[in-house]
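Step one of this worksheet: look at the structure below.
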Protein chains: 2
Amino acid sequence: MRSAPADETTRDRILSAAVLRFAREGFGASVRSIAGDAGVSPALVIHHFGTKDELHAECDERVLAEIRATKSATIDEITSGQGILHRFANADEYAPMLGYVLRSLQSGGPVGRAFIEQMIEDAVGYTKHGIEAGLIKPSRDERARARYLVLSALGALTLELSLDPSRDPRDIGGTVRSFLATGYLPMIELYTQGVFTTRRMLDDYLLYVPDPPDDAAAEPASD
Amino acid sequence: MRSAPADETTRDRILSAAVLRFAREGFGASVRSIAGDAGVSPALVIHHFGTKDELHAECDERVLAEIRATKSATIDEITSGQGILHRFANADEYAPMLGYVLRSLQSGGPVGRAFIEQMIEDAVGYTKHGIEAGLIKPSRDERARARYLVLSALGALTLELSLDPSRDPRDIGGTVRSFLATGYLPMIELYTQGVFTTRRMLDDYLLYVPDPPDDAAAEPASD
DNA sequence: ACCCTGACTGAACACGTGTTTAGCATTGAA
DNA sequence: TTCAATGCTAAACACGTGTTCAGTCAGGGT
């Protein structure tokens with residue numbers, strides 16, 4: 001009975017409903033609402049997952065797995081430059097997944113953290129590729145730059161998302177597009193020409209700080 | 001009795017406790033915990049403010065007023081360049097205020113929105129000043145750039161804040177400093193020299209989009 | 001046939017929430 | 001003094017939450 005595939009349908013239906021609810025309303029979404037979406041009693045949710053937290057954890061795992069899957073599918077879609085955000089814009093099919101990630105980002109959950117870490121890793125690869133192709137300038141600290149680029153882009157996006165109250169959170173692709181409509185020009189303008197006319201601030205900082213770290217000492221305390 | 005100044009003490013103590021709690025734990029903080037902090041019964045909180053939402057609203061007003069006050073106090077502190085974040089770094093006295101703002105930012109509250117709007121306004125002024133002084137390059141859309149710079153900086157900060165679980169949220173100044181320790185170099189590096197070696201992406205976009213808006217059409221639908 | 005196991009439910013429980021109510025204490029005005 | 005009003009509290013209420021419990025139903029193994 002355990003190994004029969006039909007049994008997993010209900011469990012999976014609950015899981016999917018939970019991911020959707022969590023993505024739309026955040027992790028405060030009630031077990032009852034999830035059960036309602038799955039057409040099931042609240043007790044069954046607990047019966048299958050034991051606890052709301054365990055359900056949450058399993059949703060995290062599922063989303064992470066899905067991310068890993070779609071990542072390798074779209075990795076050769078880009079490989080050019082900084083089109084990180086554009087991948088999101090016309091990705092309405094991934095909308096609930098992205099919503100889940102942003103929720104996890106806001107609440108400091110493990111999915112958000114893993115997602116950020118992975119995007120940084122990707123960005124390091126992209127920039128390295130771009131440098132070799134002569135399209136991107138090398139940085140004094142590649143990892144720190146990749147991290148900053150990811151944090152600023154994703155951070156601006158989350159802010160845009162939570163600041164626009166009119167748009168309902170379901171339509172994340174729309175928010176991304178709306179953000180790009182206003183933010184893409186200044187972004188690539190900044191990326192191609194910067195904002196400062198002089199190197200003074202940069203040189204001052206480089207003088208002030210003795211050692212530009214060489215890829216390892218970038219983060220003071222992590223893995 | 002209404003006009004007596006001594007009466008406002010307790011009310012104000014509750015308000016201060018609420019701002020602190022909201023800043024630390026978000027707006028889900030319970031009325032009971034706030035009352036406890038103020039050394040007061042939960043019923044009194046409701047007696048003075050009518051409703052938790054009204055208390056929330058009054059906290060918003062107080063923080064906004066405080067921001068407006070400290071703004072005019074520190075406006076001549078900067079006036080140089082992009083040291084927006086540095087103002088936060090050594091501002092431990094404003095820490096609860098900043099925490100409150102970040103919470104409001106995450107929840108899409110009016111304080112966060114007003115704060116962003118004001119920072120954009122400030123950034124427009126700063127960049128204009130910097131352009132006249134020859135320190136900052138002009139942009140094709142000053143307002144959009146100011147908005148992007150503010151959103152990316154503040155967004156990266158909020159992400160950093162919610163992603164670092166070890167650090168307790170009380171110590172916001174520490175998080176800001178930790179963020180600057182890793183993020184300042186790539187930020188000013190980006191600001192002084194960009195990341196792209198060619199103008200291709202920018203020119204492509206400028207060709208693709210017919211009209212660069214002239215300061216008014218930047219935001220599609222707002223006040 | 002039996003029965004046991006697991007999916008599944010309705011009802012309840014325990015708890016935390018915001019809020020209300022009744023009443024006490026103090027204080028200034030009459 | 002007497003009255004009214006306000007600051008303030010303890011207790012309770014109504015409600016939503018996650019979770020538990022007792023029990024029903026179906027299905028496959030013996």
Side-chain angles (χ1 to χ4, degrees), chain A residues 1-62 100 103-104 106-110, chain B residues 1-62 100 103-104 106-110:
Chain A
M1 197 168 280
R2 250 309 163 70
S3 51
D7 296 70
E8 302 222 341
T9 308
T10 299
R11 220 189 102 104
D12 268 19
R13 212 172 56 241
I14 296 176
L15 237 182
S16 303
V19 170
L20 248 64
R21 274 278 172 181
F22 285 154
R24 288 177 193 164
E25 305 179 7
F27 300 107
S30 72
V31 172
R32 281 174 172 82
S33 70
I34 294 171
D37 289 353
V40 140
S41 76
L44 188 62
V45 177
I46 260 64
H47 173 247
H48 275 304
F49 298 92
T51 277
K52 187 189 181 182
D53 286 340
E54 298 181 51
L55 171 64
H56 183 166
E58 216 158 314
C59 285
D60 280 8
E61 289 178 25
R62 164 181 272 215
Y100 193 98
R103 291 293 179 187
S104 178
Q106 285 183 339
S107 68
Chain B
M1 196 167 276
R2 251 305 163 69
S3 50
D7 295 68
E8 302 220 343
T9 308
T10 299
R11 219 187 104 103
D12 269 19
R13 212 172 57 239
I14 296 176
L15 237 182
S16 303
V19 169
L20 247 66
R21 274 279 171 180
F22 285 154
R24 288 177 194 165
E25 305 178 6
F27 299 107
S30 71
V31 172
R32 282 175 171 81
S33 70
I34 294 171
D37 290 352
V40 141
S41 77
L44 188 64
V45 177
I46 259 66
H47 173 246
H48 274 303
F49 297 92
T51 278
K52 187 189 181 182
D53 285 341
E54 299 182 51
L55 171 64
H56 183 168
E58 216 157 316
C59 285
D60 280 10
E61 290 179 24
R62 163 181 270 216
Y100 192 99
R103 292 295 180 184
S104 178
Q106 283 183 340
S107 68

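Letters go in sequence order (proteins before strands), and every chain restarts at 1.
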(request) For the side chain of Thr10(B), starting at C-beta, report the closest nucleotide among dC21(D), dC8(D), dG18(C). (result) dC8(D)
(message) By nearest atom, which of the nucleotides dT21(C), dG18(C), dT9(C) is closest to the Lys52(B) side chain?
(response)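 Selected nucleotide: dG18(C).
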(message) Under the rule for side-chain contact (heavy atoms from CB on, under 4.5 Å), what residues qualify as partners of Ile46(A), not counting sequence neighbours?
(response) Val31(A)
Between [atom2] of [N] and [atom1] of [X], the distance in whole Å:
X	N	atom1	atom2	result
Glu54(A)	dT19(D)	CD	C1'	12 Å
Phe49(A)	dA7(C)	CZ	P	11 Å
Phe27(A)	dG18(D)	CZ	C1'	17 Å
His56(A)	dT19(D)	NE2	C1'	18 Å
Asp12(B)	dG7(D)	CG	C1'	15 Å
Ile46(B)	dT9(D)	CD1	C1'	13 Å
Ile14(B)	dG7(D)	CD1	P	11 Å
Leu44(A)	dC21(D)	CG	P	17 Å

Using a cut-off of under 3.5 Å, enumerate the N/O to N/O pairs linking the protein to nucleotides 13-15 of chain D.
none

By the 4.0 Å heavy-atom rule, please label [X] as base, sugar-phosphate, or nothing.
X	answer
Ala38(B)	nothing
Ala29(A)	sugar-phosphate
Ser41(B)	base

(request) Could you pull out all residues at least two apart from Ser16(B) that satisfy side chain to side chain donor-acceptor pair (under 3.5 Å)? (result) Arg62(B)
(message) Going by the rule side chain to side chain donor-acceptor pair (under 3.5 Å), which residues pair with Ser41(A) if we only count those two or more places apart in sequence or in a different chain?
(response) none
(request) Taking the side chain as every heavy atom from C-beta outward, state whether Thr10(A) and Val40(A) have any pair of such atoms under 4.5 Å apart. (result)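 Yes, side chains in contact.
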Does the side chain of [X] get closer than 4.0 angstrom to OP1 or OP2 of [N] through an N or O atom?
X	N	answer
His47(A)	dA7(C)	yes
Thr51(A)	dG18(D)	no
Ser30(A)	dG16(D)	no
His48(B)	dC8(D)	yes

(request) Sequence neighbours left out, what passes ring-ring contact (aromatic ring centres under 6.0 Å, His included) with Phe49(A)? Give chain and number order. (result)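 If we apply the ring-ring contact (aromatic ring centres under 6.0 Å, His included) test to Phe49(A), skipping adjacent residues, there are no hits.
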(request) Say whether, by atom type as modelled, one donor and one acceptor occur between the side chain of Arg13(B) and the main chain of Ala38(B) under 3.5 angstrom. (result) yes
(request) Please name all residues satisfying salt bridge (charged side-chain N to carboxylate O under 4.0 Å, His left out) with Glu54(A), sequence neighbours left out, ordered by chain then number. (result) none
